[in-house]
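Not measured: the values here are computed from a predicted model. Letters A, B, ... mirror the listed sequences (proteins, then strands); counts begin at 1.
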Amino acid sequence: MSEETLGRPIVLPAESVQRARFRGPSRSVRIKIVSFLILLIGAAIIMVPFFWMITTALKEASDVYLYPPVWIPIPPRISNVKEAMTLVPFWRFALNSGIIVSLVMLGTLLSCSFSAYGFARLRAPGRDFIFLLVLATMMLPSAVTLVPTYIAFNKLGWINSFKPLIVPAFFGNPFFLFMLRQFYLSIPKELEESARIDGASSYRIWWSIMLPLTKPALATVAVFTFFGTYNDFLGPLIYLSDQSKQTVAVALSYFNGSPDVGPQMHLLMAMTLVASIPSLLVFIFAQRYFVQSIVTTGLKG
Amino acid sequence: MASRTASAPRRSRLSNRTREAIDCYIFILPAILGIVLFSLGPMIASFWFSLTDYNMLASPAFVGLDNYRTLIHDHLFWKSLRVTLIYSGVSVPLVLTFALLLALLLNQRLPGVTAFRTIYYLPTIMSGVAIGMLWRWIFNPDFGVLNLLLEKVGIHGPAWLGDERWALPSLIATSLWSAGGSMIIFLAGLQDIPNDLYEAAEIDGAGTWSKFRNITLPLLSHVTFFNLVLGIIGALQVFTEAFVMTNGGPNNSTLLLSLYLYRNAFQFLKMGYASAIAWAMFLIVLVLTLLVFRSAPAWVHYQETQKGADA
């Protein structure tokens, strides 16, 4: 579908063909040239901050505050990156982020695919009402639940542990529940019918038939979860107090005006760059199919 | 919809149904628990806390509506409410307009269109902290790239984040950088619009503007609606970028509600008062979303069939 809808073949009947010969093609080509130019300029503007981050990250300390500015540092100081990573226990933070992100992914994938299957395929009184409630919670500002959740985790003695960040992931997420339910609804029922006739239970069907069939959707959920969790700031900020337990996102903010780093903008930008690399890798790795699956599954219904 | 149980033997039908219902409840149990434990429960608790004085050391003391009374006379609360509404009121329409324009441009067959989509989407994968740090440096009055570039064209730029008048617009500008998130959703919606509608319109002699006005906008309206609702909810709660870039300053000119709430809850440990702020915020979100929902019938069109194409 995407192939055909990308560019629109214009004009069909005879009279329009004549008109098209006269001014159609040149007009559509003109539109394309203008579009391309606008996109090019826009892309350049979007890229300026990235450029600024990278170029600052690779400068000599003494070149950061120069006027006129050094636009492209020659030679680039790759060693800034190394230095920034030794100023703070970077690998410790990366490990913490890694643990939290992978467990949150696991919990989200399991709970969302499990519950979404129930919402999509099994019938029970009240099911649709509950699903509506799930959707309604999407609109609940997290600010409302923040304080009581914090107090509850505090009562449980979970503050300064990863638990408040991980455990909720095992109880579904409205957005992904919605997405996966849509996906399950689009799978032909015949597949599970035959398994059911062969005596397979719903659990079996979910695990052995539905999960393999929904791999693309699950991958999308995993990628979104990665970004959401890896980039989360407020959660680790309030729940983790030991610096050694912090995640990359919060550690990055420690850099901001910390006495260790001070005004060393080149190191700060080097750290920002390093902290963004995991997201960048995931994005590049999943890009084609991630953007595509938002385009195809994200929003039907 | 064909009944799934129709093919099953008649006598075991009831038990099959019960079996299915039990399975269903087991399957959706995590989601139910999730709502109760992490949404509805905390919501009710939050309202209860908003009626108490609670600093996490002593047990909560019931004070009735005192927190709300204080709130009404708290000029910082009103200030933060104003800041939040200005931020959302400017940022959301701008982001949506940019996102839609980009999606329209990117929905053509152009050289490098995939690369463009990637570039425009790229900022949305950055963490709020990284975005905040980066833009703080961009807005640096003396050595930031923005003022360096302005200097090139002969403009002496302001202090941006350090200037009361420019700090909030700077935050809004930062939010525009991440318009790619809404853009990709618009793009998805655009790809769903059947091509034959445009072809039919062209046969009728419709121009570019008329096609946009009569086909694209109406058929995209449910996506616009989705983006608008999510945009409003997101903008009213924005926290990280502002926390990193200005932390409310200078002179509280960027004190968003979320920052004010954070201060009260986690710096002053006024959990009761923070809950009252949270409820005020909730009511604002609720009213605004309801308004958008109420307005929906007037401008959101759901595609029932695609029959209209062959006019």
Region of [X] that comes under 4.5 Å of a non-hydrogen atom in chain A:
X         : value
Phe38(B)  : both
Ser50(B)  : neither
Val285(B) : side chain
Ile233(B) : side chain
Leu261(B) : side chain
Ala265(B) : side chain
Phe282(B) : both
Trp135(B) : side chain
Phe47(B)  : neither
Leu122(B) : both

In sequence, state the C-alpha distance, the side-chain angles, and the governing distance for Val144(A) and Met281(B), and then conclude on side-chain contact (heavy atoms from CB on, under 4.5 Å).
CA-CA 8 Å; Val144(A) 175; Met281(B) 206 164 154; 5.8 Å; no
Using heavy-atom distances under 4.5 Å, tell me whether [X] contacts chain B through its side chain, its backbone, both, or neither.
X         : value
Ile238(A) : side chain
Ile38(A)  : both
Ser142(A) : both
Leu237(A) : side chain
Leu177(A) : side chain
Asn154(A) : side chain

Answer yes or no: is there a side-chain heavy-atom contact under 4.5 Å between [X] and [Y]?
X         : Y         : value
Leu234(A) : Tyr262(B) : yes
Val129(B) : Val250(A) : no
Met139(A) : Phe293(B) : yes
Val145(B) : Trp71(A)  : yes
Thr118(B) : Phe283(A) : yes
Met53(A)  : Ile138(B) : no
Val64(A)  : Trp137(B) : yes
Met271(B) : Ile151(A) : yes

Chain A interface, residue from [options] that has the most non-hydrogen pairs under 4.5 Å:
options                                   : answer
Pro123(B), Ser275(B), Gly132(B)           : Pro123(B)
Phe98(B), Tyr120(B), Phe49(B)             : Tyr120(B)
Gly128(B), Ala274(B), Ala130(B)           : Ala130(B)
Met43(B), Glu151(B), Lys152(B), Met126(B) : Met126(B)

Among [options], which residue forms the greatest number of heavy-atom pairs with chain B at distances under 4.5 Å?
options                                    : answer
Phe226(A), Phe51(A), Trp206(A), Tyr230(A)  : Trp206(A)
Ser115(A), Ala136(A), Gly228(A), Pro174(A) : Ser115(A)
Leu273(A), Ile130(A), Val282(A), Val34(A)  : Ile130(A)
Ala43(A), Ser111(A), Gly172(A), Ser276(A)  : Ala43(A)

Of the non-hydrogen atoms in Trp177(B) and Ile46(A), which two are nearest, and what is the gap between them?
NE1-O, 3.0 Å
Could you check whether any side-chain N or O of [X] sits under 3.5 Å from a backbone N or O of [Y], counting only pairs where one atom can act as donor and the other as acceptor?
X         : Y         : answer
Lys32(A)  : Leu110(B) : no
Thr240(B) : Phe233(A) : no
Glu20(B)  : Arg123(A) : yes

Donor-acceptor contacts under 3.5 Å from residues 21-34 of chain B side chains, at least two apart:
{"unit_1": "Asp23(B)", "atom_1": "OD1", "unit_2": "Tyr203(A)", "atom_2": "OH", "d": "2.9"}
{"unit_1": "Asp23(B)", "atom_1": "OD1", "unit_2": "Arg19(B)", "atom_2": "NH2", "d": "2.9"}
{"unit_1": "Asp23(B)", "atom_1": "OD2", "unit_2": "Ser202(A)", "atom_2": "OG", "d": "3.2"}
{"unit_1": "Tyr25(B)", "atom_1": "OH", "unit_2": "Pro125(A)", "atom_2": "O", "d": "2.5"}

How would you list, by chain and number, every residue that makes a ring pair (Phe, Tyr, Trp, His ring centres under 6.0 Å) with Tyr239(A), sequence neighbours excluded?
Tyr150(A), Phe153(A)
